[in-house]
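Everything below concerns the one structure shown next.
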Amino acid sequence: MKLLVLDSSGLVASVALIEDDQLIAEYTTGNKLTHSQTLLPMLDEVIKRTSFEIEDIDAVAVAKGPGSFTGLRIGAATAKGLGLALDKPIIPVPTVDGLAYQLFGTSMIICPMMDARRKQVYTGFYRFEGSEMKVLKEQCAQSVEDTLIQLREYNEPVVFLGDGVPVYKEEILEKMGDLAIFAPAHANRQRAAAVGTLAQVYFAQGIYESADEFVPEYLRKSQAEREREERLHGQK
């Protein structure tokens, strides 16, 4: 199976090409350029530097959200455009699940945290049983405080990763103490390779959809939508 993978759901943009059990190429960047400036050039560079012909891919995998509203829209539009142009299915992967899958095989609880602003995070809880990732808590948007209260109930070591960790690290340490473990730099941000590997699992289970059907999953209203509602509420 030949898979093109995109993840622009967070601060990092990442593109990968995967064939069966082999990662052919991955381009990941966390610079301050917007994903609209980086994603397509990254995709073009990956294709040019490999023997892949984009027409030969079997599917497009994409991090479907939650995450940055702008980033998700860019990733979704790119995935849909490729899917429609090439007549290939889309394999949508929950962003938080893809983050957790980077820590494949660990026996500890995994807690990705993406900063959702206003003291909230996009998060979920996961654990591996052998080679299967079990979802203990499905991805959601909730407060950092609630997240840490729920994790304390397990009374087990928890591995934290994601762009929300440096934002709330002090609070995590205060609430979790020695139970808090932080993923190292090579495994603490989004990577298209992890999204693509999990996408292969989904595809084998028949979890995919047409490019027409695919829409990103935001979980929350955008900041602009929230501010508009607040303005309207204030006018009443």
Side-chain angles (χ1 to χ4, degrees), residues 7-12 14 30 62-69 71-72 92-191 194-195 197-199 201-202 205 207 215-223 225-226 229-230:
D7 189 342
S8 59
S9 58
L11 297 178
V12 167
S14 188
V62 61
K64 72 173 185 177
S68 156
F69 284 78
L72 286 175
V93 176
T95 297
V96 182
D97 293 30
L99 259 171
Y101 209 71
Q102 292 188 82
L103 301 180
F104 181 93
T106 181
S107 60
M108 292 180 286
I109 295 172
I110 305 166
C111 178
M113 278 188 174
M114 297 176 65
D115 186 17
R117 309 291 176 85
R118 300 189 176 196
K119 298 287 286 183
Q120 286 201 326
V121 288
Y122 299 120
T123 190
F125 306 157
Y126 306 84
R127 189 201 303 273
F128 278 92
E129 294 182 4
S131 61
E132 184 178 357
M133 187 173 74
K134 297 289 187 180
V135 180
L136 306 179
K137 179 181 180 64
E138 290 188 359
Q139 65 173 22
C140 64
Q142 65 177 17
S143 71
V144 178
E145 181 180 7
D146 285 347
T147 301
L148 297 176
I149 288 172
Q150 292 161 12
L151 287 170
R152 283 291 306 184
E153 293 178 358
Y154 288 98
N155 197 30
E156 296 180 38
V158 178
V159 187
F160 292 90
L161 70 159
D163 61 45
V165 171
V167 180
Y168 301 109
K169 189 170 185 177
E170 188 175 318
E171 189 170 345
I172 293 169
L173 287 169
E174 181 183 333
K175 296 293 198 307
M176 299 295 296
D178 293 341
L179 295 177
I181 298 167
F182 301 100
H186 72 280
N188 67 7
R189 294 291 190 275
Q190 281 92 337
R191 285 188 60 186
V195 173
T197 307
L198 184 54
V201 175
Y202 289 165
Q205 297 172 350
I207 303 173
V215 292
E217 182 176 348
Y218 296 110
L219 289 187
R220 290 198 329 173
K221 295 177 181 178
S222 70
Q223 182 175 343
E225 289 171 321
R226 294 195 304 269
E229 289 181 354
E230 288 170 2

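- The heavy-atom pair separating Leu198 from Gly98 by the smallest distance is CD2-N, 4.1 Å.
- The CD atom of Gln190 sits 4.5 Å away from atom CG of Leu99, with the distance rounded to the nearest 0.5 Å.
- Remark: the backbone N or O of Gly10 is not paired with any side-chain donor or acceptor of Ser68 at under 3.5 angstrom.
- Looking at Asp115, its side chain never comes within 3.5 Å of a backbone N or O of Asp163 through a donor-acceptor pair.
- Note: Tyr202 OH to Ile207 CD1 = 6.5 Å, rounded to the nearest 0.5 Å.
- Annotation: salt bridge (charged side-chain N to carboxylate O under 4.0 Å, His left out) contacts of Lys119 (sequence neighbours excluded): Glu171.
- With hydrogens and angles ignored, the 3.5 Å screen pairs no side-chain donor or acceptor of Ser9 with any backbone N or O of Gly65.
- Here the closest non-hydrogen pair linking Val96 and Gly124 is CG1-N, 3.7 Å.
- Looking at residues two or more places apart in sequence or on another chain, you find no salt bridge (charged side-chain N to carboxylate O under 4.0 Å, His left out) involving Glu174.
- Applying the 6.0 Å contact sphere to CD of Gln205 captures more than 12 heavy atoms from other residues, nucleotides or ligands.
- Panel note: side chain Gln102, backbone Arg189; a donor-acceptor pair is recorded below 3.5 Å.
- Every side-chain hydrogen bond (donor to acceptor under 3.5 Å, both in side chains) that Tyr126 has, sequence neighbours left out, goes to Asp97.
- Applying the side-chain hydrogen bond (donor to acceptor under 3.5 Å, both in side chains) rule to Glu132 yields the partners Lys134; only residues at least two apart in sequence or on another chain are considered.
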Take Thr95 and Tyr122 through the test side-chain contact (heavy atoms from CB on, under 4.5 Å) and record every step on the way to the result.
CA-CA 9 Å; Thr95 297; Tyr122 299 120; over 6 Å; no
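- The two residues Ala63 and Val195 make their nearest non-hydrogen contact at N-CG1, 4.1 Å.
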Please report, to 0.1 Å, the donor-acceptor pairs under 3.5 Å made by any side chain of residues 140-162, with sequence neighbours excluded.
from, atom 1, to, atom 2, distance (Å)
Gln142, OE1, Gln150, NE2, 3.4
Gln142, NE2, Thr147, OG1, 2.9
Gln142, NE2, Gln150, OE1, 3.0
Ser143, OG, Asp146, N, 3.0
Ser143, OG, Asp146, OD2, 3.3
Thr147, OG1, Ser143, O, 2.9
Arg152, NH1, Lys175, O, 3.4
Glu156, OE1, Arg127, NH1, 3.0
Glu156, OE1, Arg127, NH2, 3.4
Glu156, OE2, Arg127, NH2, 3.3

Derivation of the side-chain contact (heavy atoms from CB on, under 4.5 Å) call for Val201 and Met133:
CA-CA 10 Å; Val201 175; Met133 187 173 74; over 6 Å; no
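- Contact detail for Ala100 and Ile110: the closest heavy-atom pair is O-CD1, 3.7 Å.
- Summarising the geometry of Pro112 relative to Thr123, their closest heavy-atom pair is O-OG1, 2.7 Å, with the distance given to 0.1 Å.
- Shown here are the ring-ring contact (aromatic ring centres under 6.0 Å, His included) partners of Phe128, two or more places apart in sequence or in another chain: Tyr101, Phe104.
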Pair Asn188-Phe182, side-chain contact (heavy atoms from CB on, under 4.5 Å): steps then yes or no
CA-CA 8 Å; Asn188 67 7; Phe182 301 100; over 6 Å; no
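- Rounded to the nearest 0.5 angstrom, Met108 CE and Leu179 CG are separated by 11.0 Å.
- Side chains of Gln139 and Pro66 form a contact here, defined as non-hydrogen atoms less than 4.5 Å apart.
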